[in-house]
Each structure stands twice: as C-alpha cells, then as structure tokens.
There are 2 protein chains.
Amino acid sequence: MVDAVEPLKARRIYLLLRERILNGALEPGSRLPGELSIAAEYGVSRVTVRRALDTLAIDGLIDRRPGSGTFVREGNSVQPIVADLSNVLSHLVEMGRRTSVRLLSFAYVNPSESVAGALGLEPGERAQRSIRVRLIDGAPFSYLVTHVPERIGVTYSEADLASMPLLGLLERSGIVVDEASQSIGATLAGPDVADALGLEIGSPLLSLTRVVWDPSGQGVEHLHALYRPDRYSFHMDLVRTGAVGARRWNPVVKPTTARPELQKYKAKGPKSLKPKPRPVRVSTQRRTST
Amino acid sequence: MVDAVEPLKARRIYLLLRERILNGALEPGSRLPGELSIAAEYGVSRVTVRRALDTLAIDGLIDRRPGSGTFVREGNSVQPIVADLSNVLSHLVEMGRRTSVRLLSFAYVNPSESVAGALGLEPGERAQRSIRVRLIDGAPFSYLVTHVPERIGVTYSEADLASMPLLGLLERSGIVVDEASQSIGATLAGPDVADALGLEIGSPLLSLTRVVWDPSGQGVEHLHALYRPDRYSFHMDLVRTGAVGARRWNPVVKPTTARPELQKYKAKGPKSLKPKPRPVRVSTQRRTST
DNA sequence: GTGAAATGTATTATAAGGTAGACAGGTATC
DNA sequence: GATACCTGTCTACCTTATAATACATTTCAC
C-alpha cells in the first residue's frame, strides 16, 4: 500500500502486523501489545518495531496514543470479495461491481511439462499462454495465467481475450466444457506478480490451479490463478450428511440463480443469522461493497 | 527448513525460489536463469543471489554445475496432502498415513468479538479455546485454533481433545452438527505459528475459517486453521451444469466411500473421472508418498 | 578450438539497518 | 499523588548486508 523504502526486518514485521489487522485477527479498536513486547516477540529491537508501526500509522491502520498504547483503527478490515467455491465471477457483475481485465501477455509457447501433462498435450505441441490481471473497481485482485492448446486458442483473438472471460470464448467456439479439477494453495508474490497486483514482494497469495476438460477428456484449459487474499477469498457452505460413524461434509449446491447475499461471514456470522428459529445464516447483507 | 542466520534480502529471495521449487513452478531438472539474470530480476547484486542459492544448495533443492548453470534437483517437489473441499481427514487414515495431534493450549477465555459474533454468543459468555497442531507422519502441517461455547466445551476433557477430532467429540456429546460455512484465504506465518509448524516467519499459509452450527442455528464451533501449503492443499472436482447462457460449475459430490486415489491432480487430472480413449494424462502417478 | 556464458572465488568500500540505552512526556490505575 | 507503563525522541555505535569489480574455471554450442 505504501512503497516507502524501509528496512527489511521492519518491513517484515510491518507486513505481518498489517496482515493481522486487515484480516481482522487484530480486532479494530483493540490495543496492540507494547512496543517492547512486540520487539521481544519478534526478537528485534524496539527501534525496529517502531519503524514498522510508523508505516502502519502512515497507512492509517493504527492510532498511537502516547502513554496509552497503540490501537487498531476502526473500519479498516477490508472484506474481501467472496467467491463461491465454483469461483464464478458472474455474480460480481450481478452485484453491479465492475470488473475489468488487463491483458499482460499473449503468446504461443512450448508449455512446461506439468502444464502439457495436465492438458494431455502431445510432446512438442504448443499452447497459447495468456497472462491477465483482473481488477474490480479499478483495483487488481487476481493474476491469471492460462494455457490453452494451440488448436483451440486460435479460435479467438487477443482482443477477445482482453474483453471476455476465457470460458465464454471457449464455449462460444463450440468447445463443450465438461469437467474441471482444481486445487487451492498459498504462495508468496514474486516480483512480477507483486508488481501486477500492487503488492510487496513476499506478500501472501491464494493460488488456484484448475484444469478443464471437454467431455472426451481432452484438456481445454489450464489455469493458474493468484489472488490477493485481502481482496478475494473462497467461500462455501457445507452440510453434514451420512450415517452416524460415517458422517461427512457435503457442499451445499445452490440454485442456479443469482444469489445477492454475498458477504464475509466471519465478522458477522450467523448472529443475525441465527437469531432464532433459524432464519437465514445470512446477515448484514454487507455486500462486498468497496 | 534450515535456520541458518542469513541476510534478509538474500533470505527473501531464498524463500521465493524455494517456494517455486517446492510447488513445482520451477520444474525439476530445469535450469534456473543465470545468477546475473536473477539479480537483475530482483534488483539485487549477484552476491546476494548467490547467498540465496547457497542456502538452496544446502537444502538440497538445487544442483550447481559450474559453467553450466544451476538446476532444480529432481524429486523434491513434495506433493502436499490433498484434502477434499469438505476437508475430512478420515481418508488420510484410510491411506495408512498416521496423523497425530499436539495440544498446545487449552483454556476458557473471553472470545474476541468476531468469534463471539460468529458463534452467536451472548456478551460476556466465555468460550473454550484450544490450539492444536496436527502432524502427519511426524511432520506438522496444520495449526488449529478452535473456539467452542463453554457449555459445550465442558462435555469433554482436555485429554479427549488431544486424542480425538473435535467434531467427533461434539457428536459424541450428543451435539448434532448440521451446517457449516467456511472461507479460505492466505496469510503469513507469525512467530508462534512459524515455530509450531517448523517454518520461517513470513512463510505463506493457507487459512481456513469455519463456523459450524447445530440444527437450531446455534453456533457450536469456530475453527481457524492454518496450513502449510507445501504439505496440505484443497482439492475439488467440478462439473459444468446449467443451460447455455447460465452455465456454472458445481462441485462433484463423491460417494461416501473411501477414495484411495488421492493425489495431486495437477500432474494427472481426473483420470478416474474421465477414463476414456484419452491416453493418460497421468504421468508419474506420484502419490503423496514421503 | 574459440567464444559465450555459466558458476566459483576474492577483495574492497560503502551504506544501511539494526542495537542499546537513556530520557521526556503522556495516561491510567490504585 | 505515586507508580507503572506506554509512546515519542535522540544519540551513538556497531555490525554486516550489499554493491561493485575483477578474475579464474568449467561447460556447451558452433
């Protein structure tokens, strides 16, 4: 958020504290441990802690009150956009949020072994690789690297990609998208990604890798996506099913309709939700505004 | 992995490169860019890059061949344990993997506002907080902070918690677990978590927050889990459903049975899912051994 | 072979980050 | 009011990470 040049130890502490403030782990209004405590906790000197706090103060994330302590300023825990596990962005549009895309790179390349393997490409077969950044209301939140087999990639243009979702293009081209398999992990931002997403190098990222197949089992898309966790997260509802002794969670499959009730449950859980005879677990309707 | 004291810029580069090697972004056997290129990329001097590479070499992650280059050593991309979106650990047991638990903390506390809100506690109502670390084959992979309303927490003992999954305890106590809502994000490891999971401060972590309710809508458990992404990740299979124009992904709900085919899909996709005339997209079938 | 490019090694100098300690002034608690 | 604890500020010092540079050695491609 601020790119002031800064010592590195201090910056690390800054990043960690910032994390905890933004995701709500440090409650708004609460007091941080004293500078000396923090220094001890991280094994650094007070001066260093101080530098980290300085930056947080510049960011407006904390209030420092001499004699009293340092406090987390209210109203700063940004609620990330919440995506359903299926990770469809369409509801964002439905919510009136404006997403846009910046195409950073578009080329036909020899894919790496793992991509080629995942898509089931023949040795030597090329793939179209695109790198895109998606923004919501002007703020970048995801970095997408997609690989599509060359024969499929040629059915749309670079300009198409800059304006339409890839899956839409594929389906427009007559490709039948059937199944997908994805996994979610976490990584650190490297220089390029950090730059594209407006982050510091070393910031945490949500990572999603998805492979999409057509009904014949032919791979049609390999997606590697990196998300800013402060602006994007995955959400899912589960129900407990199965006989006693073999109980398990199953995802709740929602109707195909748009569901306007999008919000971060964390801060307000079903409190409102669970007011009673079990009305919805949807509370403040705090849509992901801003 | 190695706790050699090290310069900070160098360490940051070390961590980033290590990330990319472990998660397979840098393919095993492939050559890294030259030291000068890396230095340019990260905006540091060659000496610094060199230090990072030194540490990677000590870790055994790379092979340096004078005159030739630096190569990613084979067999090092550890495949994380793959958990289904429902995040059940039972299949790990079915696979013969041994998980164990270390109970780090067990106490009744005044929960933070966000936890209290999520569980729907009355103001002032206390909660049982436990912090556990879960290990697989002796290696820690998750850090779990759970909050349970006091009245429910008292139905089991500290020793119970150290030996049985919390959900099991709850259901044993007659609590009916009905629904849950969870979201997945990413964060950085702070000192305590880093220590418990055997990581460096500042390592990336998968974060999962889940709230579980009973049928009456009463919150029974609040879980905040942090996972080492190199040892644990989430996985899900999706099917494309819905009419043209309103297509979306739906999760594949698997049968209640154990599914032994656990592996990182990345290298081989839904093989079982789409068995067909499609030669393997499965390469090495490297299951999560090790 | 020749040359380009890579890693290995060493030296030096600079700059910066970090530590330690002391002290002033504010705030809250008892 | 006394005390304890907090932030604000400053000084001085020291460590060392980093940069810049030069040169040797190995490998590979042509």
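Below, chains carry the letters A, B, ... as their sequence lines are ordered, and counting in each starts from 1. From a predicted model like this one, the values you see are computed outputs, not experimental measurements.
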What is the separation between atom CG on B/D54 and atom C1' on C/dT9, rounded to the nearest whole Å?
11 Å
Using a cut-off of strictly less than 4.0 Å, decide whether A/K9 has a side-chain nitrogen or oxygen near OP1 or OP2 of D/dA17.
no
Between A/R64 and D/dG8, is there a side-chain N or O to OP1/OP2 distance below 4.0 Å?
yes
In terms of side-chain heavy atoms of A/R46, which of D/dA19, C/dT19, C/dA22 is nearest?
C/dA22
Pair B/R20 + B/E27: basic N to acidic O under 4.0 Å
no
Would you please classify the geometry between the A/H222 ring and the A/H147 ring as parallel, tilted or perpendicular, with 30° and 60° separating the classes?
perpendicular
Whole angstrom value for the distance that separates C1' of C/dG8 from CD1 of B/I62:
13 Å
Testing D/dA19, D/dT26, C/dT19 for proximity to the side chain of A/S45, the answer is C/dT19
Side chain of B/P66: nearest nucleotide among C/dT7, D/dT18, D/dG8?
C/dT7
Are OP1 or OP2 of D/dC6 and a side-chain N or O of A/T70 less than 4.0 angstrom apart?
no
Could you give the angle between the helix axes at the two ends of the helix from C/dG1-D/dC30 to C/dC30-D/dG1, with five pairs per end, rounded to 10 degrees?
50°
Between the CZ atom in A/R151 and the CD atom in A/Q128, the distance rounded to the nearest 0.5 Å is 12.5 Å
OP1, OP2 of D/dG8 versus side-chain N and O of A/R50: anything below 4.0 Å?
yes
Is the backbone N or O of A/R132 less than 3.5 Å from a side-chain atom of A/R102, with the two atoms forming a donor-acceptor pair by type?
no
Can a side chain N or O of B/S68 be found less than 4.0 Å away from OP1 or OP2 on C/dT7?
no
Identify, between B/R31 and B/V47, the residue whose nearest nucleotide on DNA chain C lies closer to the 5' end.
B/R31
Atom pair distance, as rounded to whole Å: CG in B/L32 and P in C/dG8
12 Å
Nucleotide nearest B/E35 (side chain, heavy atoms from C-beta), chosen from C/dG8, C/dA20, C/dG18
C/dG8
Just the rounded figure in Å: distance from C1' of D/dC23 to CG of B/L36.
14 Å
Charged N to carboxylate O under 4.0 angstrom, B/R31 versus B/D63?
no
To the closest 0.5 Å, what do you measure between OH (B/Y14) and CZ (B/R51)?
15.0 Å
Whole-Å distance separating the CZ atom of B/R11 from the C1' atom of D/dT16
15 Å
Nearest-neighbour nucleotide for the A/V44 side chain, D/dA17, C/dT19, D/dA19 considered:
C/dT19
Quick one: CG on A/L36 to CD on A/E41, what's the gap to the nearest 0.5 Å?
12.5 Å
